[in-house]
Amino acid sequence: YDSLTANATLAGVRVIVGKDEPFPKAAAIRIMRGDDTGETRLRARSVSTKKPIEIIVEVWEESQTTNPLAGYEKLATLEGKVDTALEAWADNPPDLSGVSFYPAITRRVPANEELTRPMVGSRATLQIDYI
């Protein structure tokens, strides 16, 4: 959260933690824990020293036009900014007392757009492996 809100690339974009509404009503980034994060972390504890955590990063953009391409272009621009911010975070991680971690986007899918117009969104799964 702190890395995204402090990144100049995302200046003025709202960052939400958790699922406080079905979807944002204006351009926003939403960060949530992955569905299997707890189970994976518990299994990893007994199997190896490598511990993965899954984070969901949703990117939402608003488009009032009837041309879907315009909305997708705005969404792609914001996704690019989020990717740039995540790369900066990965290149300069906060001091975690000697903990090493490696984030990677493992998949990106569209959000359920039939229910969200005029909002368009995407959901990326970010897996963080830390030692």
Sub-4.5 Å side-chain heavy-atom contact between I31 and L4: yes
Listed partners of T5 passing side chain to side chain contact (heavy atoms under 4.5 Å, CB included), at least two apart: Y1, V15
Minimal non-hydrogen separation, G18 against R30, with atom names: O-CD, 3.1 Å
L126 side, atom CG; W89 side, atom CH2 - distance, nearest 0.5 Å: 6.0 Å
Side-chain heavy atoms of R123 within contact of I56, under 4.5 Å: yes
Closest contact, heavy atoms only, M119 versus P24: CG-O, 3.4 Å
Test item: V82 and L10 side chains (from C-beta on) under 4.5 Å apart, heavy atoms: yes
Path from L75 to I16 over hydrophobic side-chain contacts below 4.5 Å: no
E58 side chain near M32 side chain, heavy-atom distance below 4.5 Å: yes
Minimum-distance pair of heavy atoms, taken over all atoms of W60 and L78: O-CD2, 3.4 Å
Sidechain-backbone polar pair: K74 side chain, E62 backbone, donor-acceptor under 3.5 Å: yes
Minimum heavy-atom distance between A70 and S63, given as atom pair plus value: C-OG, 4.1 Å
Evaluation steps, side chain to side chain donor-acceptor pair (under 3.5 Å), between N7 and T9: CA-CA 5 Å; N7 190 292; T9 305; 2.9 Å; yes
Flag side-chain contact, heavy atom, 4.5 Å: I29 against R14: no
